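Just so you know, ligand 1 is whichever comes first in the structure, and atom 1 is the first atom listed for that ligand. If you're wondering where the values come from, they're calculated on a predicted model, not measured in any experiment.
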Amino acid sequence: MEDYNRILDDILHTVNSVDTPGKVASYIPELAKIDPFKFGVSLQFVNGETYNAGDYDERFSIQSISKVFTLSMAIQCIGDKVWERVDVEPSGDPFNSLIQLEHEEGIPRNPFINSGAIVICDILLSELENPEEEYLKFIHDLQGTDKIQYNEEVYQSEKSMGYRNIAMANFIKSFENIDNDPQDVLDFYFYTCSIDMSCVELAWCFQLFATHGKCAPDGTLFLERNQIKRINALMLTCGFYDESGEFAFRVGLPGKSGVGGGIAAVYPGEFSIAVWSPKLNEKGNSAKGMHALELFTTHTEVSIF
Ligand code: DON
């Protein structure tokens, strides 16, 4: 029987003893001011066992990890029709790249790069009466509480600095792969990125992807097993942009990162794990977070490969 408390404490000690290079996201002041030395981890098994270490209870901006939640909602709404609007291939390009969109006529490579997530937000805008409320409700239902909220300052800053996203939404609209007003789509996209969660809360939400589609608090089926298979496959192949191969190579779990420094990952049928460390590597993924997850799967030998 593994002593997971000790394993997480050892990982915390190891990652904190290395001077990992990297920089906190600085494109908005709310992220730039975060203490770069924060580190938290929460490991939650599907049987309910939970192990935490470091700053596991402190909330941070989930940013692009939201793309997994919006994709899940879009699949709930329109099922396989999602794939008529967004492809399922790794991009090999940075998360905010516009390059492939021209050749591929406004069909984003996958739902986890910004262009893909923007199209997913357009789908939700068309399908839902009150997208912002329903997005928060989706997260509250997963959590079993209504404590998680969006961060107004982050939301406003994202809106005022989102030049590439604005370009992207308008470019996709020119290929007719956005139905709504691009400004409304972007407002919703920025809102979805502006949610604050702790490692404990994030790992709890990611139980959805570890339990083949069940909502953690009461076991309600949120998504079909086959739909979760697809989301997990996309996390493995596309969850870390042009570092997805590296993450699979080093960690060996499906996962998703955000520029707030969070990473959430799952071992389907076994556990979810969330780490947070704000310093990002040059690909925009948490440098210590990746290191910590690599240490975890190497030490416990529990990767999916
Ligand atoms: O769209 C953006 O630029 C951000 N709000 C989210 C980007 C992000 O988290 C990319 N992840 N590593």
Side-chain angles (χ1 to χ4, degrees), residues 22-32 34 36 59-71 86 90-98 101 108-122 124 132 135 150-172 178 182-183 185-197 202 234-247 251 254-265 274-290 293:
K23 285 196 186 107
V24 174
S26 58
Y27 69 99
I28 56 172
E30 290 75 16
L31 294 183
I34 306 288
R59 287 196 173 137
F60 58 89
S61 188
I62 67 165
Q63 292 293 330
S64 282
I65 300 172
S66 61
K67 293 175 167 84
V68 190
F69 300 132
T70 48
L71 174 64
V86 185
S91 71
D93 275 331
F95 63 88
N96 54 6
S97 174
L98 284 122
L101 279 173
R109 272 285 172 107
N110 67 68
F112 294 154
I113 48 176
N114 285 14
S115 54
I118 287 170
V119 170
I120 294 292
C121 285
D122 181 58
L124 292 175
E132 293 182 357
Y135 171 71
Y150 85 105
N151 183 317
E152 173 68 18
E153 288 78 38
V154 171
Y155 173 61
Q156 292 301 340
S157 285
E158 293 281 343
K159 272 173 64 152
S160 65
M161 294 304 291
Y163 301 114
R164 287 185 81 91
N165 288 322
I166 294 165
M168 219 173 271
N170 284 287
F171 198 41
I172 300 170
I178 280 189
Q183 188 56 59
V185 177
L186 287 163
D187 285 352
F188 179 51
Y189 169 74
F190 294 133
Y191 180 89
T192 64
C193 293
S194 304
I195 301 291
D196 286 339
M197 278 193 205
L202 190 55
L234 284 166
M235 281 202 264
L236 185 74
T237 53
C238 312
F240 298 83
Y241 320 110
D242 45 342
E243 203 169 33
S244 299
E246 178 83 8
F247 189 84
V251 178
K256 184 75 200 79
S257 64
V259 288
I263 299 178
V275 289
W276 171 53
S277 173
K279 274 209 253 177
L280 307 177
N281 63 23
E282 67 287 353
K283 308 283 188 183
N285 298 314
S286 171
K288 263 189 196 175
M290 275 182 73
L293 289 171

Going by the atom numbers of ligand 1, which of them fall below 4.0 Å from some non-hydrogen atom of [X]?
X	result
Val259	7 (C), 8 (C), 9 (O), 10 (C), 11 (N), 12 (N)
Cys193	5 (N)
Tyr189	1 (O), 2 (C), 6 (C)
Tyr241	10 (C), 11 (N), 12 (N)
Glu158	4 (C), 5 (N)
Gly258	9 (O), 11 (N), 12 (N)

Tell me whether Phe240 reaches ligand 1 (any heavy atom closer than 4.0 angstrom to a ligand atom).
no

Please check this pair: side chain of Tyr241 against backbone of Gly92, looking for a donor-acceptor N/O pair closer than 3.5 Å.
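Such a contact is absent between Tyr241 side chain and Gly92 backbone.
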
Backbone N/O of Asn285 and side chain of Asn281: donor-acceptor pair under 3.5 Å
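Pair found, side chain donor or acceptor close to backbone of Asn285.
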
Relative to ligand 1, is [X] under 4.0 angstrom through side chain, backbone, both or neither, heavy atoms considered?
X	answer
Ser64	both
Tyr27	side chain
Asn165	side chain

Could you tell me how the ring of Tyr150 sits relative to the ring of Tyr191: parallel (under 30°), tilted (30 to 60°) or perpendicular (over 60°)?
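Ring orientation, 0 to 90° scale: tilted.
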
Side-chain contact test, heavy atoms from C-beta onward, threshold under 4.5 Å: evaluate it for [X] versus [Y] and give yes or no.
X	Y	value
Val259	Leu31	yes
Val24	Leu280	no
Glu158	Gln63	yes

Hey, are Tyr189 and Asp122 close enough side-chain-wise for a donor-acceptor pair under 3.5 Å?
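No, no side-chain donor-acceptor contact under 3.5 Å.
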
Would you mind finding which of Asn114, Thr192, Leu186, Asn96 brings a heavy atom closest to atom 3 (O) of ligand 1?
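Among Asn114, Thr192, Leu186, Asn96, the closest heavy atom to atom 3 (O) of ligand 1 comes from Asn114.
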
Step by step, would you call Ile263 with Met290 a side-chain contact (heavy atoms from CB on, under 4.5 Å)?
CA-CA 8 Å; Ile263 299 178; Met290 275 182 73; 3.8 Å; yes

Of the protein's non-hydrogen atoms, which lies at the shortest distance from atom 4 (C) of ligand 1, and what is that distance?
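The closest one turns out to be Gln63 OE1, 3.2 Å.
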
Between Ala167 and Leu98, which heavy-atom pair has the shortest distance, and what is it?
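Looking at all heavy atoms of both residues, the shortest contact is C-CD2, 4.2 Å.
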
N/O separation below 3.5 Å, Gly284 to ligand 1
yes

